[in-house]
Visitor: 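Structure below; questions to follow.
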Amino acid sequence: MLGGLILLAWLSLWTWQQSPYGRFLSHRENEGVHALGTHYAFLAVVFVAGWTLMTVAMMLPTSLPLVVLFHSFVRSRPRQLQLVSLLIAGYLAVWTAFALVLHAGDVGIHRAVDSVGWLHAHEWIISAVTILFVGVYQFTPLKYRCLDKCRSPLSFIMGHWRGGSERAQALRLGLHHGLFCVGCCWALMLLMFAVGVGNIGWMLLLGAVMAVEKNAAWGRKLTAPLGAALVAWGLALVLLGAPGPGGVQ
(Lines give C-alpha, C1' and ligand atoms only; values in the text may rest on other atoms or scores of the structure.)
Protein backbone atom coordinates (compact mmCIF):
# COMPACT_ATOMS: atom_id res chain seq x y z
CA MET A 1 0.00 0.00 0.00
CA LEU A 2 2.78 2.41 0.93
CA GLY A 3 4.69 1.56 -2.23
CA GLY A 4 1.56 2.31 -4.23
CA LEU A 5 1.23 5.71 -2.55
CA ILE A 6 4.84 6.59 -3.39
CA LEU A 7 4.42 5.41 -6.98
CA LEU A 8 1.20 7.44 -7.29
CA ALA A 9 3.03 10.54 -6.05
CA TRP A 10 5.75 10.13 -8.69
CA LEU A 11 3.14 9.49 -11.38
CA SER A 12 1.17 12.57 -10.29
CA LEU A 13 4.29 14.76 -10.43
CA TRP A 14 5.20 13.44 -13.89
CA THR A 15 1.63 13.94 -15.16
CA TRP A 16 1.49 17.44 -13.67
CA GLN A 17 4.80 18.35 -15.28
CA GLN A 18 3.66 17.10 -18.70
CA SER A 19 0.27 18.81 -18.53
CA PRO A 20 -0.54 22.43 -19.55
CA TYR A 21 -0.40 23.22 -15.84
CA GLY A 22 3.18 22.00 -15.49
CA ARG A 23 4.40 25.61 -15.39
CA PHE A 24 2.85 25.94 -11.94
CA LEU A 25 5.55 23.65 -10.58
CA SER A 26 8.09 26.29 -11.53
CA HIS A 27 9.13 29.11 -9.20
CA ARG A 28 11.01 31.32 -11.60
CA GLU A 29 10.17 35.00 -11.68
CA ASN A 30 7.18 35.80 -13.94
CA GLU A 31 6.63 32.08 -14.51
CA GLY A 32 4.52 29.41 -12.88
CA VAL A 33 3.05 30.35 -9.52
CA HIS A 34 4.83 33.71 -9.57
CA ALA A 35 2.85 34.64 -12.68
CA LEU A 36 -0.27 34.62 -10.50
CA GLY A 37 0.49 38.12 -9.27
CA THR A 38 -1.36 38.99 -6.07
CA HIS A 39 -3.26 35.69 -5.83
CA TYR A 40 -1.17 34.78 -2.78
CA ALA A 41 -3.64 32.31 -1.27
CA PHE A 42 -3.85 30.29 -4.48
CA LEU A 43 -0.08 30.56 -4.90
CA ALA A 44 0.43 29.10 -1.41
CA VAL A 45 -2.03 26.25 -2.06
CA VAL A 46 -0.31 25.32 -5.34
CA PHE A 47 3.14 25.52 -3.74
CA VAL A 48 2.19 23.36 -0.76
CA ALA A 49 0.36 20.85 -2.97
CA GLY A 50 3.40 20.44 -5.19
CA TRP A 51 5.76 20.26 -2.22
CA THR A 52 3.61 17.65 -0.46
CA LEU A 53 3.70 15.47 -3.58
CA MET A 54 7.48 15.92 -3.69
CA THR A 55 7.70 14.92 -0.02
CA VAL A 56 5.70 11.74 -0.55
CA ALA A 57 7.73 10.89 -3.65
CA MET A 58 11.21 11.82 -2.37
CA MET A 59 11.20 11.74 1.43
CA LEU A 60 8.74 9.01 2.39
CA PRO A 61 10.91 6.33 0.70
CA THR A 62 13.84 7.44 2.87
CA SER A 63 11.75 6.68 5.98
CA LEU A 64 10.53 3.26 4.84
CA PRO A 65 12.74 1.39 7.37
CA LEU A 66 11.02 3.15 10.28
CA VAL A 67 7.52 2.78 8.80
CA VAL A 68 8.02 -0.93 8.05
CA LEU A 69 9.48 -1.54 11.49
CA PHE A 70 6.62 0.33 13.16
CA HIS A 71 4.11 -1.72 11.18
CA SER A 72 5.74 -4.91 12.49
CA PHE A 73 5.70 -3.41 15.99
CA VAL A 74 1.92 -2.82 15.93
CA ARG A 75 0.95 -5.78 13.71
CA SER A 76 -0.87 -7.60 16.51
CA ARG A 77 -2.96 -4.57 17.44
CA PRO A 78 -6.52 -4.28 16.09
CA ARG A 79 -5.98 -0.77 14.64
CA GLN A 80 -2.62 -1.40 13.01
CA LEU A 81 -3.42 0.32 9.69
CA GLN A 82 -4.81 3.34 11.49
CA LEU A 83 -1.70 3.61 13.64
CA VAL A 84 0.62 3.40 10.62
CA SER A 85 -1.52 5.99 8.82
CA LEU A 86 -1.25 8.34 11.79
CA LEU A 87 2.51 7.88 11.83
CA ILE A 88 2.72 8.84 8.16
CA ALA A 89 0.27 11.73 8.65
CA GLY A 90 2.43 13.18 11.41
CA TYR A 91 5.54 12.82 9.29
CA LEU A 92 3.96 14.53 6.28
CA ALA A 93 2.48 17.28 8.49
CA VAL A 94 5.98 18.39 9.51
CA TRP A 95 7.15 18.55 5.91
CA THR A 96 3.98 20.44 4.93
CA ALA A 97 4.62 22.99 7.68
CA PHE A 98 8.17 23.30 6.37
CA ALA A 99 6.71 23.93 2.90
CA LEU A 100 4.81 26.95 4.27
CA VAL A 101 8.05 28.35 5.69
CA LEU A 102 9.78 27.77 2.35
CA HIS A 103 6.92 29.45 0.53
CA ALA A 104 7.27 32.57 2.68
CA GLY A 105 11.02 32.60 2.04
CA ASP A 106 10.51 32.07 -1.69
CA VAL A 107 8.13 35.01 -1.91
CA GLY A 108 10.54 37.15 0.11
CA ILE A 109 13.45 36.35 -2.20
CA HIS A 110 11.46 37.22 -5.31
CA ARG A 111 10.38 40.51 -3.76
CA ALA A 112 14.01 41.26 -2.94
CA VAL A 113 14.98 40.52 -6.56
CA ASP A 114 12.26 42.91 -7.74
CA SER A 115 13.31 45.73 -5.41
CA VAL A 116 17.12 45.46 -5.48
CA GLY A 117 18.57 46.36 -8.86
CA TRP A 118 21.93 44.63 -8.33
CA LEU A 119 20.24 41.41 -7.22
CA HIS A 120 17.89 41.53 -10.19
CA ALA A 121 20.89 41.79 -12.51
CA HIS A 122 22.70 38.96 -10.73
CA GLU A 123 19.92 36.47 -9.97
CA TRP A 124 22.34 33.57 -10.41
CA ILE A 125 24.02 34.50 -7.13
CA ILE A 126 21.01 33.13 -5.23
CA SER A 127 21.47 29.66 -6.70
CA ALA A 128 25.22 29.81 -6.10
CA VAL A 129 24.85 30.84 -2.45
CA THR A 130 22.14 28.22 -1.94
CA ILE A 131 24.43 25.45 -3.21
CA LEU A 132 27.29 26.77 -1.06
CA PHE A 133 25.08 26.90 2.04
CA VAL A 134 23.79 23.35 1.49
CA GLY A 135 27.36 22.13 1.23
CA VAL A 136 28.40 23.82 4.48
CA TYR A 137 25.34 22.41 6.29
CA GLN A 138 26.55 18.90 5.49
CA PHE A 139 29.32 19.40 8.08
CA THR A 140 27.22 20.82 10.93
CA PRO A 141 26.60 18.95 14.23
CA LEU A 142 22.83 19.33 13.74
CA LYS A 143 23.03 17.47 10.43
CA TYR A 144 24.91 14.56 12.02
CA ARG A 145 22.68 14.44 15.10
CA CYS A 146 19.52 14.25 12.99
CA LEU A 147 21.08 11.65 10.70
CA ASP A 148 21.98 9.48 13.70
CA LYS A 149 18.35 9.56 14.85
CA CYS A 150 17.07 8.66 11.38
CA ARG A 151 19.60 5.82 11.00
CA SER A 152 18.36 4.03 14.14
CA PRO A 153 14.64 3.35 13.56
CA LEU A 154 14.34 0.71 16.30
CA SER A 155 15.94 2.94 18.92
CA PHE A 156 13.81 5.83 17.74
CA ILE A 157 10.55 3.87 18.10
CA MET A 158 11.48 2.45 21.50
CA GLY A 159 12.52 5.88 22.70
CA HIS A 160 9.27 7.55 21.66
CA TRP A 161 6.66 4.82 22.31
CA ARG A 162 5.43 5.30 25.86
CA GLY A 163 2.14 3.38 25.97
CA GLY A 164 -1.17 5.04 26.77
CA SER A 165 -3.18 6.40 23.84
CA GLU A 166 -1.95 4.45 20.81
CA ARG A 167 -3.31 6.85 18.21
CA ALA A 168 -1.88 9.95 19.87
CA GLN A 169 1.46 8.22 20.30
CA ALA A 170 1.57 7.08 16.66
CA LEU A 171 0.87 10.62 15.50
CA ARG A 172 3.45 12.03 17.90
CA LEU A 173 6.01 9.48 16.73
CA GLY A 174 5.45 10.60 13.14
CA LEU A 175 5.80 14.24 14.12
CA HIS A 176 9.04 13.63 16.00
CA HIS A 177 10.50 11.56 13.17
CA GLY A 178 9.44 14.24 10.69
CA LEU A 179 11.32 16.87 12.70
CA PHE A 180 14.55 14.87 12.64
CA CYS A 181 14.07 14.04 8.96
CA VAL A 182 13.63 17.72 8.14
CA GLY A 183 16.70 18.42 10.27
CA CYS A 184 18.92 16.14 8.21
CA CYS A 185 17.41 16.70 4.76
CA TRP A 186 15.92 20.22 4.57
CA ALA A 187 19.08 21.78 3.15
CA LEU A 188 19.39 19.17 0.41
CA MET A 189 15.76 19.80 -0.48
CA LEU A 190 16.68 23.47 -0.98
CA LEU A 191 18.75 22.33 -3.93
CA MET A 192 15.46 21.93 -5.79
CA PHE A 193 15.26 25.73 -5.90
CA ALA A 194 18.77 25.93 -7.32
CA VAL A 195 18.48 23.19 -9.94
CA GLY A 196 14.82 23.47 -10.84
CA VAL A 197 11.67 22.81 -8.84
CA GLY A 198 9.53 20.26 -10.64
CA ASN A 199 12.46 18.65 -12.47
CA ILE A 200 11.75 14.91 -12.20
CA GLY A 201 15.35 13.95 -12.97
CA TRP A 202 16.76 16.06 -10.13
CA MET A 203 14.02 14.78 -7.79
CA LEU A 204 15.02 11.19 -8.48
CA LEU A 205 18.72 11.95 -8.01
CA LEU A 206 18.27 13.91 -4.76
CA GLY A 207 15.78 11.37 -3.42
CA ALA A 208 18.27 8.56 -4.07
CA VAL A 209 21.12 10.52 -2.43
CA MET A 210 19.06 11.19 0.71
CA ALA A 211 17.89 7.58 0.91
CA VAL A 212 21.47 6.32 0.70
CA GLU A 213 22.74 8.90 3.19
CA LYS A 214 20.07 7.94 5.74
CA ASN A 215 19.78 4.18 5.29
CA ALA A 216 22.70 2.56 3.45
CA ALA A 217 25.48 0.99 5.50
CA TRP A 218 27.99 3.21 3.71
CA GLY A 219 25.75 6.30 3.88
CA ARG A 220 27.94 7.82 6.61
CA LYS A 221 30.79 7.98 4.11
CA LEU A 222 28.71 10.03 1.66
CA THR A 223 27.84 13.06 3.83
CA ALA A 224 31.24 14.79 3.97
CA PRO A 225 32.31 14.19 0.32
CA LEU A 226 28.89 15.40 -0.84
CA GLY A 227 29.27 18.52 1.28
CA ALA A 228 32.75 19.16 -0.09
CA ALA A 229 31.52 18.77 -3.67
CA LEU A 230 28.64 21.18 -3.08
CA VAL A 231 30.92 23.75 -1.42
CA ALA A 232 33.32 23.53 -4.37
CA TRP A 233 30.42 23.88 -6.82
CA GLY A 234 28.99 26.89 -4.98
CA LEU A 235 32.38 28.61 -4.67
CA ALA A 236 33.09 28.03 -8.35
CA LEU A 237 29.79 29.68 -9.30
CA VAL A 238 30.43 32.63 -6.97
CA LEU A 239 34.05 33.17 -8.05
CA LEU A 240 33.42 32.67 -11.75
CA GLY A 241 30.29 34.78 -11.70
CA ALA A 242 28.46 32.15 -13.70
CA PRO A 243 24.71 31.49 -13.55
CA GLY A 244 23.65 28.47 -11.51
CA PRO A 245 21.84 25.51 -13.04
CA GLY A 246 18.39 26.85 -12.29
CA GLY A 247 18.63 30.56 -11.64
CA VAL A 248 16.08 31.99 -9.22
CA GLN A 249 13.38 29.42 -8.56
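Note that these values count all heavy atoms, side chains included, but never hydrogens, waters or copies made by symmetry.
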Visitor: Please report the interatomic distance CG(Leu191) to OG(Ser127), rounded to the nearest 0.5 Å.
Guide: 10.0 Å
Visitor: Is there a side-chain contact between Val212 and Trp218 (heavy atoms, below 4.5 Å)?
Guide: yes
Visitor: Quick one: are Cys146 and Cys181 in side-chain contact, heavy atoms under 4.5 Å?
Guide: no
Visitor: Charged N to carboxylate O below 4.0 Å: is that the case for Lys214 and Asp148?
Guide: no
Visitor: Measure the acute angle between the ring planes of Phe98 and Trp186, then classify it against the limits of 30° and 60° as parallel, tilted or perpendicular.
Guide: perpendicular
Visitor: Which atoms form the tightest heavy-atom contact between Ala224 and Phe139, and what is the distance?
Guide: O-CZ, 3.4 Å
Visitor: Considering all heavy atoms of both residues, which atom of Met203 and which atom of Met58 are nearest to each other, and what is their separation?
Guide: O-CE, 3.6 Å
Visitor: Do Met54 and Met59 come close enough that some side-chain heavy atom pair is under 4.5 Å?
Guide: no
Visitor: Ignoring hydrogens, what is the shortest heavy-atom contact between Leu175 and Val94? Give both atom names and the distance.
Guide: O-CG2, 3.4 Å
Visitor: Calculate, to the nearest 0.5 Å, the distance between atoms CD1 and CG belonging to Ile157 and Leu69 respectively.
Guide: 4.0 Å
Visitor: Among all residues two or more places apart in sequence or in another chain, which pass the ring pair (Phe, Tyr, Trp, His ring centres under 6.0 Å) test with Tyr144?
Guide: none
Visitor: Search all heavy atoms of Glu166 against all heavy atoms of Trp161 and return the closest pair with its distance.
Guide: O-CH2, 3.8 Å
Visitor: Looking at CG of Leu86 and CZ of Arg172, how far apart are the two atoms once the value is rounded to the nearest 0.5 Å?
Guide: 11.5 Å
Visitor: Around atom CZ of Arg145, are there more than 12 heavy atoms of other residues, nucleotides or ligands at under 6.0 Å?
Guide: no
Visitor: Val209: which residues meet the side chain to side chain contact (heavy atoms under 4.5 Å, CB included) condition with it, sequence neighbours left out?
Guide: Leu205, Leu222, Leu226
Visitor: With the side chain counted from C-beta on, respond yes when Val129 and Leu237 share a heavy-atom pair under 4.5 Å apart, and no when they do not.
Guide: no
Visitor: Measure across Ile200 and Trp14 and return the closest heavy-atom pair with its distance rounded to 0.1 Å.
Guide: CD1-N, 4.0 Å
Visitor: Considering non-hydrogen atoms only, spot the tightest contact between Cys150 and Cys184 and give its length.
Guide: SG-SG, 3.9 Å
Visitor: Establish, yes or no, whether the cationic atom of Lys149 lies under 6.0 Å from the six-membered ring centre of Phe180 and within 45° of the ring axis.
Guide: yes
Visitor: Taking atom types as modelled, find out whether Glu213 and Gln138 have a side-chain donor-acceptor pair closer than 3.5 angstrom.
Guide: yes
